[in-house]
Each structure stands twice: as C-alpha cells, then as structure tokens.
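Inspection log for the structure reproduced underneath, given as structure tokens.
Sequence lines set the chain letters: A, B, ... in the order given, protein chains first and strands last, and positions in each chain run from 1.
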Amino acid sequence: MGKTGAALQVANQIPCEVVSCDSMQVYRKISIASSKPSAVEQKRVPHHLLDVVSVEEKFDVAAFNKLAAEAIEKILGQKKYPLVVGGSGMYMQVLLDGIFEAGGQDPSLRKKLESLGAEKLYGKLKQVDPDAASKIHANDLRRIVRALEVYETTKTPISTLQKQRSGLLKKYPAVIVGLNRERDELYQRINERVEEMFTEGLVNEVKAIAGSQMSLTAQRIIGVSEVMAYLRGEKSLEEAKELMKMNTRRLAKRQLTWFRKDQRIKWLMLKADDTAKKISQDILKEINL
RNA sequence: GGGCAGAUACCCAAGUGGUCAACGGGGGCAGACUGUAAAUCUGCUGCUUCGGCUUCGUAGGUUCGAAUCCUGCUCUGCCCA
C-alpha cells in the first residue's frame, strides 16, 4: 500500500518515531520477506518493534502489546509523536482497545482439547460459555480451543474477560488513518514487490533460517514455505513467486476487510502517481496538528 | 490421408435422457476476528425488474423432455501412414 514510505515522509515533517505494528517485522533475519524499512531508513527515523525476537521464539499479540505500549510511552517521554504504522489488524486493535490480562496459553491443554474434535469441543463451549459459542463458528477450531483454554485456566468465560479491556485510546487522543488504493493498482504493486524481494535476495534470507525450529507464527511468513519448496526442488522459482503473489494479495484483502469495519479510521484513497511525500501531507492534514 | 479420444461456467473437473444453472476443487469477491493473526473460520460466485431468462464446442436431428442419444462441421490430444 505504501505505508512505510509515507511514514518516513511524515517523520520528515514532524518530530516522531515509528512503532511498527506488524506481526512479522518483529522477527530478526526476516527483513526482505517482511518488507522492513531499510537500514538507512531506520537510521534516519528511529523504529520500534522491529527485530525483537528470533524466528524460534514464541511471540503473540500480548507480547507485542506490552512492548509497543512501552515504546509509545518512551517516545512520548521524549516529546515526540509515536507514529504507529502497520497492517496487522489484531495487533492494532489490541494496542488501541486493549486486551484482557489473565489469558495465557497452555500448550498441553490445547493439545488435549484439540484431540477431542471440533464437534465435542463446541458442545462443551456452548455449555460453559454460551455467549462465546454464539459468536464463534462451530468449525472454527482455533477459536473454540482458545475459548475453552481460557475457561479451563481461569475458570471464567472468555466472553466475560473480553469485556475487560483498556487500550491506548483510553489514555491518549489518536488519529487513525487508513490507506487504500484501487484493487488493480494494489495488486500490481504487490506483484512488483514480490519480484523485488527476489532480486533483493529473498532466497538467501530464507536459506539462512531454513535450519531453525521456527515458531508457529514465523512459519507463516509469506515467502518462507514458498521459497523452501523451491529450495527442496518441489516448485519452480516461477511457481514460488506466483504463490507468494497470490498469498500476499489475499493478505492485503483480509487486512482491508479487517480495517474497513473500523468507523474511527479516516481513509485516504491513494492514486497510482501519488508520491510518498504527497501521501504524508494528506496524512498530516488528517492528523491536523 | 486414416483411426481413436476429447471439447462442460474464470480455470481444473463430475455429470451420460427428466429431480441440472449443472457435484467437487482451484481462483475471485464479501464477511467474522481480544494471546498462531501474513493465523483460523464463514458465505457468495451464469444473468435477472426475482416472475423468469440464457448456458454444457458449433449447426441440425430424435424425443413430451437432451449437457447427456444421432448426424455434419470446427478445434485439441494421441496413434497409424
């Protein structure tokens, strides 16, 4: 979409530091695949929440939220504006609106639950937390397990806990700007971006982490499985590229679906020939400092 | 030139006389989303003024009725020359 470039330009015009709100840019050694700003750009404008964990470490929204909130406080302490930039919908939501505290994970409990099968679990959830059950689809194993996990470990329905949230918006005023473009144009940019990743050395980047025991989340980085399949000889380079393009287009689509429903967002419809500078000026107009 | 197989919706593919606008998968679009979130899940996907209308290579034919049977033609693949 052009978030990074626009953010860098915003930073040229007001004193601010960037807080990345991206579930994949947190990983070290994943720079090309996650489209991190370059080293030079990072040097010019301080960035937070980049390279905070290895691909082997477990990381999730709660961990992100804690670090991001700290970074924001720090930036405010320096009398600068925190510019939160990113497309990870849930991370953004948690940061803005909060997350309930008592909700850790229990891998062994999860395993036990998962082995029971969706049907049984959903029946159980309906008894234990009908509110949550009514919102979760019977086939959505992931969420059913999570809801039951929370219930088992806290003895409180997740639907009750979910009401206990308090995020940044409760403490600070914020302007939320959404960037969008015509679909055709967006997809074309995505296709080009993927091609660039390969010329920048994506294959080597993936090779470098190929031996690690990647966390569940890190395994999902677009580019990793596709390039690995290529390295194993299961896919041609062309096939790997096309797959990545498709997966990225879908990601972009889901991101749009996520953010579209948020009434607080001020949307900017970008045009193909808009420069990062122009976009940054439009953003600043919305922020209205 | 001869023989055989095939042509189905954006793509792949099932269907072999009525219950077929046509199974399934892919892709696309839309939606949900509070600890894997670049994840997970859901719905729709010929046109429609919702009464209908037009589809299964193409032109005819058989039949009350055809994507399904018959004939010609076109194209594709394989085999023989």
Side-chain angles (χ1 to χ4, degrees), chain A residues 1 20-27 30 32-36 53 55-68 86-107 109-111 114 118 121-122 129 131-151 153-154 156-169 183-184 186-187 190 193-194 197 214-227 242-262:
Chain A
M1 200 66 82
S20 163
C21 183
D22 185 298
S23 63
M24 299 306 176
Q25 291 186 349
V26 296
Y27 293 108
I30 299 291
I32 299 169
S34 69
S35 292
K36 272 178 212 157
V53 284
V55 292
E56 309 197 333
E57 281 175 85
K58 216 168 122 16
F59 192 78
D60 58 39
V61 229
F64 167 83
N65 189 234
K66 191 163 173 288
L67 295 174
S88 294
M90 188 169 78
Y91 283 26
M92 193 72 85
Q93 188 197 63
V94 162
L95 186 61
L96 295 174
D97 302 319
I99 184 174
F100 62 92
E101 296 294 327
Q105 295 173 35
D106 183 340
L109 174 60
R110 275 191 191 187
K111 216 168 226 170
E114 274 162 15
L121 291 178
Y122 193 63
D129 186 351
D131 271 9
S134 72
K135 282 188 209 149
I136 299 172
H137 188 97
N139 292 344
D140 202 341
L141 224 187
R142 187 88 102 229
R143 290 207 173 76
I144 297 171
V145 168
R146 162 98 271 244
L148 288 172
E149 172 188 52
V150 168
Y151 181 75
T153 55
T154 67
T156 311
I158 192 171
S159 57
T160 303
L161 293 170
Q162 285 176 339
K163 287 166 192 153
Q164 307 165 7
R165 64 187 332 194
S166 174
L168 270 178
L169 287 181
R183 198 59 66 91
D184 286 355
L186 208 214
Y187 285 1
I190 285 171
R193 165 62 60 80
V194 169
M197 287 181 181
M214 279 182 268
S215 71
L216 283 168
T217 309
Q219 282 173 28
R220 306 307 172 131
I221 298 166
I222 293 175
V224 169
S225 67
E226 295 90 338
V227 172
E242 289 312 307
L243 236 191
M244 275 183 68
K245 289 175 188 173
M246 186 185 86
N247 288 148
T248 308
R249 278 182 245 125
R250 287 180 158 171
L251 165 62
K253 218 169 83 59
R254 265 176 286 131
Q255 290 179 312
L256 252 7
T257 299
W258 181 287
F259 290 111
R260 266 191 296 230
K261 72 180 174 194
D262 193 330

How do A:D140 and A:Q93 order along RNA chain B: which one's closest nucleotide is nearer the 5' end?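 Its nearest nucleotide lies further toward 5', so the answer is A:Q93.
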Does the A:K245 side chain pair with the main chain of A:Y187, one donor and one acceptor, at a distance under 3.5 Å?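 No, because the side chain of A:K245 does not come within donor-acceptor range (under 3.5 Å) of the backbone of A:Y187.
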Using atom CD1 of A:I144 as one end and atom C1' of B:rA32 as the other, report the distance to the nearest whole Å.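 Distance, rounded to whole Å: 14 Å.
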Please state whether the base of B:rA32 and the side chain of A:K261 form at least one donor-acceptor pair under 3.5 Å? no
hbond_proxy A:R220 side chain to B:rU36 base (donor-acceptor, 3.5 Å cutoff): no
Dot-bracket, 5' to 3', for RNA chain B please: Watson-Crick or G-U pairs under 3.5 Å, [ ] where pairs cross earlier ones, | where the partner sits on another strand, dots elsewhere. ((((((((.[[[..)..(.....]]]((((((.......))))))((....))...[[[[[..)....]]]]]))))))).
Please check the phosphate of [N] (OP1 and OP2 only) for any side-chain N or O of [X] closer than 4.0 Å.
{"X": "A:R250", "N": "B:rG27", "value": "yes"}
{"X": "A:R183", "N": "B:rC29", "value": "yes"}
{"X": "A:R143", "N": "B:rA37", "value": "no"}

Would A:T248 and A:R193 count as having a side-chain donor-acceptor pair, cut-off 3.5 Å?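 Short answer, no.
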Could you tell me whether A:S88 contacts a base, only the sugar-phosphate backbone, or nothing, with contacts defined as non-hydrogen atoms closer than 4.0 Å?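 Answer is sugar-phosphate: A:S88 comes under 4.0 Å of backbone atoms only.
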Choose from B:rG35, B:rU36, B:rC33 the nucleotide whose nearest atom is closest to any side-chain atom of A:W258.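 From the listed options, B:rC33 comes nearest.
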